[in-house]
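Data block below; observations after.
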Number of protein chains: 2
Amino acid sequence: MLSIPSYYPKQISFPKGQGVFPVNTIYSKSFFKPKSKAETKVIAAKKHSDSERRRRMRINGQYATLRTVLPNLIKMDKASVLAETVRQVRELKRAVAEVEAACRHGDSDECVLPGGVDKLSLEQCDGEQEGLVKATLSCGDRPGLISDMTRALSSVKGRLVRAEMVIVGGRSKNVLWIQGLGDGKEGMVALRRALKVVIDRPIFAGLRKRFHLPQ
Amino acid sequence: MLSIPSYYPKQISFPKGQGVFPVNTIYSKSFFKPKSKAETKVIAAKKHSDSERRRRMRINGQYATLRTVLPNLIKMDKASVLAETVRQVRELKRAVAEVEAACRHGDSDECVLPGGVDKLSLEQCDGEQEGLVKATLSCGDRPGLISDMTRALSSVKGRLVRAEMVIVGGRSKNVLWIQGLGDGKEGMVALRRALKVVIDRPIFAGLRKRFHLPQ
DNA sequence: AGTAACACGTGAAGC
DNA sequence: TGCTTCACGTGTTAC
């Protein structure tokens, strides 16, 4: 534990100019072009220590940010800040993994019905309506499933005229009626492909990849 | 970017013992009790630089751990490691918050049915069975809801003899028949209190508190 | 007192 | 070559 020492740089602690030679921030305003060996050395040293100070400030700035991002990090020394960060990051990753697992197949005792198989079928409705297609898809329910379906539909030409959806036992069954796909089979193909993506998308695929979560 | 310099401490870089006076790890095995000013000074300096080295090792050890915990941190200099950590931690927190929000009320377009109000009602079954109580509770579905109910039931005296559960539209309706609560109304009161907790529990309350998530 | 944490400047090494 | 990053030892401050 630490109570933020006062010797922490309040601002930019500017050069004290205590060198033997006149040295300023621009590192060489000397009019004598042929600088002496000693002078160049001092200038280089100054430059060096300056950039080192900048580096320290960069690092300490990130420490400061880190302290604001995660709780309970203020008043901790650097080593503890890092250790606590590691701990909390692990916890966060575990949390995400757990939530994901919970959303994927619900609680174990919640699986009263057999898992079922993901299915997708398209069907041309010959009847009163012209060019009406009925799409039936069933898959595991997940947050964002309907959003994904909406997005998929907006990527094809037709428009949704009716929908029936039911979620039970952690699975989702959806029947969609789409009109105006076009005459050829291109519309059907595109629709099938788009909906296939929705069905096949793993839950939180992005999260899993981004943070190297298990499974 | 950085390609892991070779001057990284391979192992414990032990004292080189280059001082004017014999100095070892125990910092003073000198037989001459009245240590000279100079000697104590050197010993103190050694001690100081040693503890500083230990501090550095502590910090660098945590950097190493951090590099293994989060992806894409290897081959990054310290400042970038911290910056990337900040970025990824923010992303993780956002992810948890999003998932939580998604699980809390589903996607906005998923709310085709009115949200409904959380309800809990207990009812004494007068009939063939002795001391049978029917509890009906409906609330928003969430991961762990059934676990919570199970826990709640295990905390009261009676035992579950029958249950009906249905989840639709992100909401969960549950009817539980409990037997052996006891004759008085204490059993009913306890059961109601336990189930009330289940209904009122916010989703992922723990996560939210632990990581200071918004809302 | 003595310990712990920090900033600083410097030499070394890699690109 | 210069620029960057690091480890190191030291001076300083706080408890």
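Proteins get letters first, then strands, A, B, ... in listed order; numbering begins at 1 in each. The basis for the numbers below is simple: all heavy atoms, side chains too, and nothing from hydrogens, waters or symmetry mates.
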ask   = Is there side-chain contact between A:Ile59 and A:Arg55, with heavy atoms separated by less than 4.5 Å?
value = yes
key: Closest nucleotide among C:dC6, D:dT5, C:dT10 to the B:Asp77 side chain   = D:dT5
key: A:Lys75 NZ - C:dC6 P separation (whole Å)   = 14 Å
ask   = Roughly, in whole Å, what's the span from NZ in A:Lys41 to P in D:dG2?
value = 14 Å
message = Both A:Arg55 and B:Arg56 contact DNA chain D. Which one's nearest nucleotide lies toward the 5' end?
response = A:Arg55
key: Any A:Lys78 side-chain N or O less than 4.0 Å from OP1/OP2 of C:dC6   = no
query = Could you give the CZ-to-C1' distance, from B:Arg58 to D:dA7, as a whole number of Å?
reply = 16 Å
query = Side chain of A:Glu52, base of D:dC6: donor and acceptor closer than 3.5 Å?
reply = yes
key: Gap between atoms CE and P, on A:Met76 and C:dA4 respectively (whole Å)   = 17 Å
request  = Send over the distance from A:Met57 CE to C:dG9 P, rounded to a whole Å.
outcome  = 13 Å
task = Please state whether the phosphate of D:dG2, meaning OP1 or OP2, lies under 4.0 angstrom from any side-chain nitrogen or oxygen of A:Lys47.
result = no
task = Please list, chain by chain and in numerical order, all residues satisfying side chain to side chain donor-acceptor pair (under 3.5 Å) with B:Arg193, sequence neighbours excluded.
result = none
inquiry  = Output the rounded distance in Å from CG (B:Asp50) to C1' (D:dG9).
reply    = 11 Å
request  = Could you state the atom-to-atom distance from NZ of A:Lys46 to P of D:dG2 in whole Å?
outcome  = 18 Å
remark   = One should read off an interatomic distance between B:Met149 CE and B:Leu160 CG, to the nearest 0.5 angstrom, of 9.0 Å
message = Nearest whole Å is fine: how far is D:dT5 P from B:Leu82 CG?
response = 13 Å
key: base_contact_polar (C:dG11 base, A:His48 side chain, donor-acceptor, <3.5 Å)   = yes
query = Is any side-chain heavy atom of B:Arg192 less than 4.5 Å from a side-chain heavy atom of B:Leu120?
reply = yes
key: B:Gln62 and A:Val81, any side-chain heavy atoms less than 4.5 Å apart   = no
